[in-house]
Amino acid sequence: TISYYSNISSNYSFEIFLRKFKKNILKFDIYSLGKVFEYLIMNFKIKVNLKILLLIENMTKLDFIERFSCKECLKFMK
């Protein structure tokens with residue numbers, strides 16, 4: 001925890017996080033859309049193929065850096 005607080009005081013790590021966050025801000029919408037897909041598939045018992053399941057998995061990754069962007073989603077389904 002000491003290194004965590006020293007990073008806050010130096011502000012360096014926070015600035016790096018902020019740059020990554022701003023660059024990937026739309027990925028939070030991708031996460032939400034992936035969760036909507038999951039909800040629809042489960043509640044309406046829609047049969048989907050493996051490719052769509054993999055897409056949803058990549059859309060809902062908790063780490064927003066690893067999560068698909070809009071362009072990556074479209075490229076994946078091509």
Side-chain angles (χ1 to χ4, degrees):
T1 59
I2 293 174
S3 64
Y4 174 77
Y5 290 111
S6 65
N7 286 336
I8 288 177
S9 65
S10 71
N11 211 21
Y12 179 72
S13 295
F14 182 70
E15 290 297 324
I16 291 173
F17 170 78
L18 206 55
R19 271 187 263 141
K20 288 179 181 178
F21 179 81
K22 287 179 182 178
K23 181 181 173 188
N24 296 295
I25 191 74
L26 292 178
K27 289 187 176 183
F28 293 96
D29 293 331
I30 295 296
Y31 178 85
S32 299
L33 182 59
K35 286 297 184 181
V36 168
F37 289 160
E38 280 182 358
Y39 172 81
L40 292 173
I41 289 167
M42 286 192 296
N43 285 322
F44 293 103
K45 296 176 179 41
I46 301 170
K47 294 187 181 202
V48 294
N49 62 25
L50 180 61
K51 191 168 189 174
I52 293 176
L53 291 175
L54 290 172
L55 174 68
I56 293 170
E57 182 180 319
N58 284 301
M59 291 173 76
T60 57
K61 286 188 176 180
L62 292 179
D63 184 0
F64 68 89
I65 306 269
E66 294 180 12
R67 191 177 305 145
F68 273 10
S69 66
C70 295
K71 188 182 262 185
E72 290 170 319
C73 288
L74 293 172
K75 188 184 278 187
F76 183 81
M77 290 308 293
K78 198 171 189 185

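The structure places OG of Ser69 at 9.0 Å from CG of Leu26, a figure rounded to the nearest 0.5 Å. Within the model, atoms CD1 of Ile41 and NZ of Lys47 stand 13.0 Å from one another, a figure rounded to the nearest 0.5 Å. Atom CD of residue Glu66 and atom CG of residue Asn24 lie 11.5 Å apart, to the nearest 0.5 angstrom.
A side-chain donor-acceptor contact under 3.5 Å links Arg67 to the backbone of Leu62.
Note on Glu72 versus Lys75: no salt bridge recorded, every NZ/NE/NH1/NH2 to OD/OE distance being 4.0 Å or above.
Residues Ile65 and Lys27 approach most closely at O-NZ, 3.2 Å, considering heavy atoms. The two residues Leu40 and Ile46 make their nearest non-hydrogen contact at O-CD1, 3.7 Å. Shown here for Lys51 and Lys78, the closest heavy-atom pair between the two residues is NZ-O, 3.5 Å. Between Met59 and Ile30, the shortest heavy-atom distance links the atoms CE-O, 3.5 Å.
Val36 and Met77 fall within the same hydrophobic cluster, defined by Ile, Leu, Val, Met, Phe, Trp and Tyr side-chain heavy atoms under 4.5 Å apart, directly or through other members.
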Practice problem: Just do the side-chain contact (heavy atoms from CB on, under 4.5 Å) check on Leu53 and Glu57 with the steps written out, would you? | Solution: CA-CA 6 Å; Leu53 291 175; Glu57 182 180 319; over 6 Å; no

Practice problem: Start with the C-alpha distance between Phe64 and Ile25, add both sets of side-chain angles, then the distance that settles side-chain contact (heavy atoms from CB on, under 4.5 Å), and finish with yes or no. | Solution: CA-CA 9 Å; Phe64 68 89; Ile25 191 74; over 6 Å; no

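Applying side-chain contact (heavy atoms from CB on, under 4.5 Å) to Ile52 and the options Leu54, Asn49, Leu50 leaves one that passes, Asn49.
Under the ring-ring contact (aromatic ring centres under 6.0 Å, His included) criterion, Phe76 pairs with Phe68, not counting sequence neighbours. Applying the side chain to side chain contact (heavy atoms under 4.5 Å, CB included) rule to Leu18 yields the partners Phe14, Lys22; only residues at least two apart in sequence or on another chain are considered.
In this structure, the side chains of Leu74 and Lys71 stay at 4.5 Å or more apart for every pair of heavy atoms.
Sorted by first and then second residue, the ring pair (Phe, Tyr, Trp, His ring centres under 6.0 Å) pairs involving residues 34-55 (not counting sequence neighbours) form an empty list.
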